[in-house]
Amino acid sequence: MDKKEVAQILEEIGTLLELHNENPFKVRAYHNASRIIGGLTESLDHLVETGELRSIKGIGEGLAEKITELVKTGHLKYYEDLKKSLPPGLVEMLAIPGLGPKRIKILYDKLGISTIGELEYACHENRLLDLEGFGLKTQENILKGIEQVRRHSEKHLYPAALEAAERVHGSLAKVKGVIRSSIAGSLRRKKEIIGDIDILVSAEPKFVDKIMSSFTSHEDVDRIIAKGETKSSVLLKSGINADLRVISDKEFPYALHYFTGSKDHNIAMRTLAKKADIKMNEYGLFKGPSEKFIACRDEEEIFATFGMSYIPPELREDMGEIEAAKAGKLPVLLEESDLRGTFHCHTKYSDGVNTIEELVKAAKELGWEYLGIADHSKSAAYANGLDEGRVKTQWKEIDQLNGKLKGFRIFKGTEADILPDGTLDFSDKILSGFDYVVVSVHSKFKMTEQEMTKRIIKALKNKYTTMIGHLTGRLLLSREGYPVDVEAVINAAADYGKMIEINAHPLRLDLDWRWCKYAKEKGVLIPINPDAHNAEGLRDTFYGVGVARKGWLEKKDVVNTYNTSEVEKLFERTRA
DNA sequence: GCCGTTTTCGGCCCGACTGTTTTCAGTCG
């Protein structure tokens, strides 16, 4: 059993224990372990074999035993018994906002409700009213919550959430009395999937009411969920929840850090603060028993209080950033302005809508100095893939354009299909005529992980392969990626001197940021590619920058930051 | 269930809001 499955089971155990009203710290231990295992870059098998598992912070005797059983046998009796003890519908009911494990358990124990459907029916029959701790309002809110679960997935792609957040934040920033304001939460950390929007504002107390009201009455608001003195919560018409917190300007840096999260990062920071006898919350840092306020003007000064360098929001996932900041070993993260071009773009030749010239114009407007064209290859019939004849026509056009363009270079590339047997669908003769070759899987997704990994590694090994495109083929919120051993592919890329793209399309963001740090450590170079099918799509590259930053990547790790002649050399090197 | 310069037991991050209470539990982040 691999780490993804183990992490999933640990997560589920935590949830089941919650429904059993277990000790919340025990619950947390499981959720925490799930995150640790899911984020491991070394082989889980190896950790189990050597017993090193036990030495990981957060994995004690009990968890190590259970994980070992899972890895070795593929089963865990403890988990299976736990699963049998409760109907599966209870876990689904946790998705209803405002309904947590305690009350779900009461509903189950007292009324025998075990599915969302039964719960809805019971609400309509007013059967919740007689239960202690439940009332009419609760019943109404549960009904609204059920409707919300059905209407919206509760998860949103980064661009949609960002657009919604910027509309609300843009209006709020202009409201009288607002001193400082920021989008916080997972959006500020540039997560690929966003649960809800967090906005933070600082203001004098006399303006707070007006600011809250201007938020809850914003034209994008569908329904007000909560409205208080410091916090309000609404459901936007787009189906995204948005929270606003208003604090004094003195508190702004602490609140910004707190509401940016992640939750795990915050817990780790608070624990660290506590060791220094400092209480840390959204209102400040307080030293010693007298709780003396430690003044910080911004987040930099908060980190500096603990002898740490500034941790960029993207890194705040409790995945080593705190230790690195203490040691002064944080990476200098890639910036958007470091990019000089991109690769993997489609034109009218295959399934894009623009001509090469139109894409070049758009690239120049972004301040870039080169652009790689990588249309589909001949077996991608669904995408109007190019055969050898049309490839040569395209080369001629690119040569002509390169002759005309001053200070700009078009690279000749292709997105060659990786056939089921791992070979590419062009001969070496044709492949050698490209400046670079992106290889991608577009067919026969239903292979075993072993077969798929073998297929991809074989394609990587091809002399003319430069980089692999969208490694897992996932489409966020709509399609799981095909099964592939990412670690093995990264190792192979390192061995053969090949690159792995970050596909920057917001539905893909594949390579996942959780793997970037490992790829970097292995010395694998990463290009950021928009997979653009029109000129506007080139801008998606900037979502890829977010992924790279979350993945600890620096300028030198990313191919797009090199100049034209350096890129040429890097491409040649992949054929060595 | 984990952890330890307060070390094998007794803690475990901390606060806001809601709805149901008449002093608090549940939920959320």
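Reckoned from all heavy atoms, side chains included, excluding hydrogens, waters and symmetry mates. Each chain gets a letter, A, B and so on, in the order the sequences are listed, and its residues count up from 1.
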Inter-nucleotide [atom1] distance ([N], [M]), Å rounded:
| N | M | atom1 | answer |
| --- | --- | --- | --- |
| B/dC3 | B/dT8 | C1' | 10 Å |
| B/dG15 | B/dG10 | C1' | 23 Å |
| B/dG4 | B/dT23 | P | 41 Å |
| B/dA16 | B/dG11 | C1' | 24 Å |
| B/dA25 | B/dT21 | P | 14 Å |
| B/dC13 | B/dC28 | C1' | 14 Å |
| B/dT20 | B/dT27 | P | 13 Å |
| B/dT18 | B/dT22 | C1' | 16 Å |

Item to complete: Measure distances between side-chain N and O atoms of A/Tyr258 and base N and O atoms of B/dG29, and say whether any donor-acceptor pair falls under 3.5 Å.
Response: yes
Practice prompt. Answer with yes or no after comparing the ring centroid distance for A/His169 and A/His218 against a 6.0 Å cut-off, counting only values under it.
Written response: no
Worksheet item: Do A/Tyr543 and A/His505 make the cut of ring centroids closer than 6.0 angstrom?
Response: no
Atom pairs and distances, donor-acceptor, side-chain atoms in residues 223-235 of chain A, under 3.5 Å, two or more places apart:
unit_1: A/Arg223; atom_1: NH2; unit_2: A/Gln148; atom_2: OE1; d: 3.4
unit_1: A/Lys227; atom_1: NZ; unit_2: A/Ser213; atom_2: OG; d: 3.2
unit_1: A/Ser233; atom_1: OG; unit_2: A/Asp243; atom_2: OD1; d: 2.7

Phosphate OP1/OP2 of [N]: any [X] side-chain N/O under 4.0 Å:
| X | N | value |
| --- | --- | --- |
| A/Arg54 | B/dC2 | no |
| A/Asn266 | B/dC13 | no |
| A/Lys279 | B/dG15 | yes |
| A/Tyr283 | B/dA16 | yes |

Rounding to a whole Å, what distance do you find between [X]:[atom1] and [N]:[atom2]?
| X | N | atom1 | atom2 | answer |
| --- | --- | --- | --- | --- |
| A/Lys102 | B/dG26 | NZ | P | 5 Å |
| A/Ile197 | B/dG29 | CD1 | P | 13 Å |
| A/Glu22 | B/dC12 | CD | C1' | 15 Å |
| A/Ile13 | B/dC2 | CD1 | C1' | 16 Å |
| A/Met93 | B/dG26 | CE | C1' | 15 Å |
| A/Leu244 | B/dA16 | CG | P | 15 Å |
| A/Leu285 | B/dG15 | CG | C1' | 16 Å |
| A/Glu291 | B/dC13 | CD | P | 17 Å |

Item to complete: Check side chain to side chain contact (heavy atoms under 4.5 Å, CB included) between A/Ser217 and all other residues, then give those that pass, not counting sequence neighbours.
Response: none
Practice prompt. Check side chain to side chain contact (heavy atoms under 4.5 Å, CB included) between A/Arg167 and all other residues, then give those that pass, not counting sequence neighbours.
Written response: A/Glu163, A/Glu219, A/Asp220
Discussion item. Between A/Asp512 and A/Asp510, does the side chain to side chain contact (heavy atoms under 4.5 Å, CB included) criterion hold? Intermediate values first, please.
Written reply: CA-CA 5 Å; A/Asp512 189 286; A/Asp510 180 15; 5.7 Å; no
Worksheet item: Which salt bridge (Lys or Arg N to Asp or Glu O under 4.0 Å) pairs, counting each pair once, include a residue from residues 303-326 of chain A, with sequence neighbours left out?
Response: A/Arg35-A/Asp318, A/Arg189-A/Glu317, A/Lys190-A/Glu314, A/Glu299-A/Arg316, A/Glu314-A/Arg549, A/Glu317-A/Lys550
Discussion item. Show every salt bridge (Lys or Arg N to Asp or Glu O under 4.0 Å) that has at least one partner inside residues 50-74 of chain A, sequence neighbours left out.
Written reply: none
Donor-acceptor list for residues 100-112 of chain A side chains, cut-off 3.5 Å, not counting sequence neighbours:
unit_1: A/Arg103; atom_1: NH2; unit_2: A/Gly98; atom_2: O; d: 3.0
unit_1: A/Lys105; atom_1: NZ; unit_2: A/Asp109; atom_2: OD2; d: 3.4

Worksheet item: Among A/Arg514, A/Lys3, A/Lys4, A/Lys522, which one satisfies salt bridge (charged side-chain N to carboxylate O under 4.0 Å, His left out) with A/Glu487?
Response: A/Lys3
Worksheet entry | Identified pairing partner of B/dA25, criterion: Watson-Crick or G-U wobble below 3.5 Å | B/dT18
Show the atom names and distances, to 0.1 Å, of all donor-acceptor pairs under 3.5 Å that link a side chain in residues 285-294 of chain A to residues at least two apart or in another chain.
unit_1: A/Lys287; atom_1: NZ; unit_2: A/Ala276; atom_2: O; d: 3.0

Item to complete: Please list, chain by chain and in numerical order, all residues satisfying side-chain hydrogen bond (donor to acceptor under 3.5 Å, both in side chains) with A/Asp198, sequence neighbours excluded.
Response: none
Practice prompt. Counting heavy atoms from C-beta on, name the nucleotide in B/dC12, B/dG29, B/dC14 closest to the side chain of A/Arg245.
Written response: B/dG29
Below 3.5 Å, can you tabulate the donor-acceptor pairs from side chains in residues 127-143 of chain A to any protein atom, sequence neighbours excluded?
unit_1: A/Gln139; atom_1: OE1; unit_2: A/Leu128; atom_2: N; d: 3.4
unit_1: A/Gln139; atom_1: NE2; unit_2: A/Cys123; atom_2: O; d: 3.1
unit_1: A/Gln139; atom_1: NE2; unit_2: A/Asn126; atom_2: OD1; d: 2.7

Fill in: Test log, rule side chain to side chain contact (heavy atoms under 4.5 Å, CB included), inputs A/Leu509 and A/Ile502
CA-CA 6 Å; A/Leu509 301 180; A/Ile502 289 176; 5.5 Å; no
Fill in: Near-strand residues of residues 55-75 of chain A, defined as heavy-atom separation under 4.0 angstrom from DNA chain B
A/Ile56, A/Lys57, A/Gly58, A/Ile59, A/Gly60, A/Glu61, A/Gly62, A/Leu63, A/Lys66
Item to complete: Please list, by residue number, the residues of residues 296-325 of chain A whose heavy atoms come closer than 4.0 Å to an atom of DNA chain B; answer none if no residue qualifies.
Response: none
Practice prompt. Report, as a single string ordered 5' to 3', how protein heavy atoms within less than 4.0 Å touch nucleotides 17-24 of chain B: B base, S sugar-phosphate only, - not at all.
Written response: SSSS----
Discussion item. Classify A/Pro24 by what it touches in the nucleic acid, base, sugar-phosphate, or nothing, heavy-atom distance under 4.0 Å.
Written reply: nothing
Discussion item. Judged by each residue's nearest nucleotide on DNA chain B, which is more toward the 5′ side, A/Leu94 or A/Lys26?
Written reply: A/Lys26
